[in-house]
Amino acid sequence: MESMLTISKEFQISEVDPRIYGSFIEHMGRAVYEGIYQPGHPSANKDGFRQDVIELVKELNIPLIRYPGGNFLSGYNWEDGVGPKEKRPKRLDLAWRSIETNEVGLHEFSKWINLVGSEINMAVNLGTRGIDEARNLVEYCNFEGGTYWSEQRKQNGHEQPFGIKTWCLGNEMDGPWQIGHKTAEEYGRLAEEAGKVMKLVDDSIELVLCGSSHSHMPTFGDWELTVLEQAYEQIDYLSLHQYYGNPEDDLENYLARSLDMDEFINGVVAICDSVKAKKHSKKQINLSFDEWNIWYHSNEHDEQVEPWQVAPPLLEDHYNFEDALLLGCLLITLLKHSDRVKIACLAQLVNVIAPIMTEKDGPAWRQTIFYPFMQVSNFGRGVVLTPITHSPTYETKDFEAVPYVETIAVLNEEQNELVIFAVNRSKDAMDFSVNTTDFKIKRVIEYSEMTGFDKKATNLANQEQVKPKFSDHYSLNEKNLVVQLEPLSWNMIRCEL
């Protein structure tokens with residue numbers, strides 16, 4: 001079979017906002033405790049942070065990390081996590097039926113964020129808390145000094161403001177499972193007023209409004225319209241959340257799930273723009289896809305976890321090769337919408353549905369999904385070129401006309417590079433031609449592929465078997481680049497122009 005990608009410098013989707021390669025750390029399971037923080041571990045630094053995890057996070061080159069939740073957020077008092085550790089209360093975390101020790105709070109997480117070279121995407125509790133807590137937290141984090149909360153920050157050891165610029169107004173407030181669940185009207189008004197006071201404290205911040213928890217919520221669409229009507233002028237982004245799985249073990253249908261993400265994004269963009277038109281506004285609302293990933297492997301295990309433990313093992317999906325292929329398709333889909341998706345957070349980062357896993361007294365290691373994310377985060381920087389693609393298609397029970405080849409190209413003019421990402425969904429090899437209409441490829445810097453693994457193959461500690469390898473299965477002439485995409489493969493081709 002054959003497929004083709006045609007691209008031009010003149011036809012661009014958008015420059016990539018680096019925050020599209022964000023991630024997420026929630027106080028749940030072993031994400032914080034035994035994940036990023038474990039005093040006494042052989043790799044721990046003086047503050048108790050695992051250096052082995054820090055090094056793996058650095059490999060992913062993540063610019064923004066959402067914190068501290070998640071469902072945890074809606075019952076969390078941020079004041080519990082500041083001040084002397086010995087005075088911090090232990091609390092019941094009702095969201096995940098765990099014990100939260102509050103050993104790690106805002107100050108500790110900020111230290112860790114600096115170590116990994118990222119920034120905080122901070123979230124305020126609009127479940128059990130509200131307007132007052134929201135303005136106080138912004139004052140604590142971002143105000144220079146001379147006021148109650150800014151001076152409290154200084155007394156707690158942080159003289160200079162944290163300077164957090166991106167803030168989430170609650171989490172999944174449409175979900176009946178959420179502590180403090182609200183109707184769209186209730187949430188929209190609360191978010192508007194919370195956002196107003198937060199920007200009165202610091203008018204440089206950007207705010208993310210809660211959209212639907214997923215596209216199959218019965219209130220999807222109506223929720224977005226209502227909350228945008230209420231809070232449009234206060235907010236900058238609308239959130240999307242979506243997880244995918246393969247419980248039916250239908251590979252062809254599973255690898256087509258990125259088409260669902262594409263449809264979801266298109267729908268939310270249409271809603272945002274309809275409210276803009278109705279309001280005669282010049283302000284464009286962009287999207288924050290601040291929870292996305294694959295999540296289904298751990299569901300049966302989690303039903304058996306005893307409640308009220310500290311850092312119980314929750315949502316510890318062990319990802320396989322087919323998961324890495326779908327994750328590659330999802331990344332390509334996000335890039336195809338880089339004109340409107342400016343923030344995205346792979347949920348989550350360590351141990352909890354995560355690319356990085358740890359053993360309590362042992363090593364940290366890379367899951368299969370680590371590699372596509374790492375490659376796109378590091379090399380998908382620049383301008384996304386509009387793809388004109390020709391590929392054979394197939395049908396599944398949920399999708400029509402699924403292209404066998406999912407692909408996108410990113411032009412990095414600073415590095416004089418063109419980087420092409422491609423997934424071959426087919427069980428057959430594919431000749432893949434790349435035609436550049438107004439520029440030439442000088443040479444292939446690197447061609448790497450993930451292919452040839454059993455679809456259920458996973459990685460283990462000290463056994464990272466499912467990972468990319470270099471390939472020379474390509475030809476380059478003055479007219480085009482032709483690459484042989486192996487069956488069921490994730491591919492990255494870096495080209496010098």
Side-chain angles (χ1 to χ4, degrees), residues 24 26 66 69-75 94-96 123-131 134 167-195 207-245 257-279 281 284-293 295-296 299 330 333-334 337 340-341 343-345 347 353 398:
F24 182 24
E26 179 173 359
R66 185 166 168 247
N71 292 348
F72 171 81
L73 173 70
S74 292
L94 302 183
W96 301 109
V124 296
N125 175 358
L126 294 186
T128 59
R129 310 292 291 279
I131 298 167
W167 295 74
C168 298
L169 296 169
N171 174 76
E172 295 185 355
M173 300 308 300
D174 64 325
W177 58 84
Q178 200 69 211
I179 298 169
H181 161 64
K182 293 171 174 59
T183 66
E185 291 79 6
E186 291 169 337
Y187 171 69
R189 286 287 294 123
L190 177 58
E192 179 188 27
E193 293 303 314
L207 301 178
V208 181
L209 185 71
C210 285
S212 292
S213 300
H214 54 78
S215 62
H216 305 293
M217 292 291 291
T219 54
F220 171 61
D222 287 337
W223 173 275
E224 278 76 6
L225 284 168
T226 301
V227 299
L228 283 169
E229 284 274 5
Q230 301 267 12
Y232 195 92
E233 295 306 326
Q234 296 295 345
I235 60 102
D236 304 281
Y237 306 93
L238 183 67
S239 75
L240 297 81
H241 292 181
Q242 196 81 356
Y243 296 95
Y244 296 99
R257 291 291 179 199
S258 57
L259 276 66
D260 178 84
M261 175 187 266
D262 181 75
E263 182 180 354
F264 187 17
I265 294 170
N266 285 332
V268 176
V269 166
I271 293 169
C272 290
D273 289 348
S274 70
V275 177
K276 177 184 178 181
K278 183 179 178 181
K279 288 181 171 289
S281 176
Q284 177 171 287
I285 301 299
N286 288 319
L287 307 186
S288 174
F289 214 127
D290 51 31
E291 285 191 34
W292 70 274
N293 203 346
W295 172 16
Y296 75 102
N299 291 349
L330 297 173
T333 302
L334 290 172
H337 291 280
R340 297 302 290 269
V341 179
I343 300 170
C345 301
I353 47 174
D398 293 328

Which distance, rounded to the nearest 0.5 Å, do you find between the [atom1] of [X] and the [atom2] of [Y]?
X    : Y    : atom1 : atom2 : answer
T333 : D262 : OG1   : CG    : 6.0 Å
W292 : L330 : CH2   : CG    : 5.5 Å
L209 : Y237 : CG    : OH    : 13.5 Å
I285 : R340 : CD1   : CZ    : 8.5 Å
L126 : L73  : CG    : CG    : 7.5 Å
L225 : C272 : CG    : SG    : 9.0 Å

With side chains defined as the heavy atoms from C-beta onward, is the minimum distance between [X] and [Y] less than 4.5 Å?
X    : Y    : answer
N71  : N171 : yes
R257 : D398 : yes
Q178 : S213 : no
L238 : L240 : no
M173 : E186 : no
N293 : F24  : no

* Salt bridge present between E185 and R189 (N-O < 4.0 angstrom) ->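 R189 and E185: not salt-bridged.
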* **Salt-bridge criterion met for K279 and E233 (N-O under 4.0 Å)** =>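 So K279 does not pair with E233 through a salt bridge.
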* **Audit row: H337, M261, side chain to side chain contact (heavy atoms under 4.5 Å, CB included) steps and yes/no** => CA-CA 10 Å; H337 291 280; M261 175 187 266; over 6 Å; no
* To do: Output all residues satisfying side chain to side chain contact (heavy atoms under 4.5 Å, CB included) with K276, sequence neighbours left out; order by chain, then residue number.
  =>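 Result, side chain to side chain contact (heavy atoms under 4.5 Å, CB included) vs K276: Y232, S281, Q284.
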Of the non-hydrogen atoms in [X] and [Y], which two are nearest, and what is the gap between them?
X    : Y    : result
G245 : Y296 : CA-CD2, 3.3 Å
G221 : S212 : N-OG, 4.3 Å
G75  : T128 : CA-OG1, 3.9 Å
A191 : L169 : O-CD1, 3.9 Å
Q242 : F264 : OE1-CE2, 3.6 Å
D290 : C345 : O-CB, 3.2 Å

* To do: Step by step, work out the side chain to side chain contact (heavy atoms under 4.5 Å, CB included) result for L228 and S274.
  => CA-CA 10 Å; L228 283 169; S274 70; over 6 Å; no
* Begin with the C-alpha distance, continue with both residues' side-chain angles, and end with the deciding distance and a verdict on side chain to side chain contact (heavy atoms under 4.5 Å, CB included) for E291 and R66. => CA-CA 9 Å; E291 285 191 34; R66 185 166 168 247; 3.0 Å; yes
* Summary of salt bridge (charged side-chain N to carboxylate O under 4.0 Å, His left out) pairs that have at least one residue in residues 167-178, sequence neighbours excluded ->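 Checked against salt bridge (charged side-chain N to carboxylate O under 4.0 Å, His left out) - neighbours excluded - no pair reaches residues 167-178.
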* Pairs meeting criterion ring pair (Phe, Tyr, Trp, His ring centres under 6.0 Å) with involvement of residues 168-192, two or more places apart ->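 Applying ring pair (Phe, Tyr, Trp, His ring centres under 6.0 Å) to every pair that reaches into residues 168-192, excluding sequence neighbours, yields Y187-W223.
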* **Pair L190-Q230, side chain to side chain contact (heavy atoms under 4.5 Å, CB included): steps then yes or no** => CA-CA 9 Å; L190 177 58; Q230 301 267 12; over 6 Å; no
* So among V208, I343, V268, L287, which one has a side-chain contact (heavy atoms from CB on, under 4.5 Å) with S239? ->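 Among V208, I343, V268, L287, the one that satisfies the side-chain contact (heavy atoms from CB on, under 4.5 Å) with S239 is V208.
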* Are the side chain of E193 and the backbone of I131 linked by a donor-acceptor contact shorter than 3.5 Å? ->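 Looks like no, no N/O pair under 3.5 Å.
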* To do: With side-chain hydrogen bond (donor to acceptor under 3.5 Å, both in side chains) as the test, would you mind laying out the steps for N286 and D236 before giving the verdict?
  => CA-CA 7 Å; N286 288 319; D236 304 281; over 6 Å; no
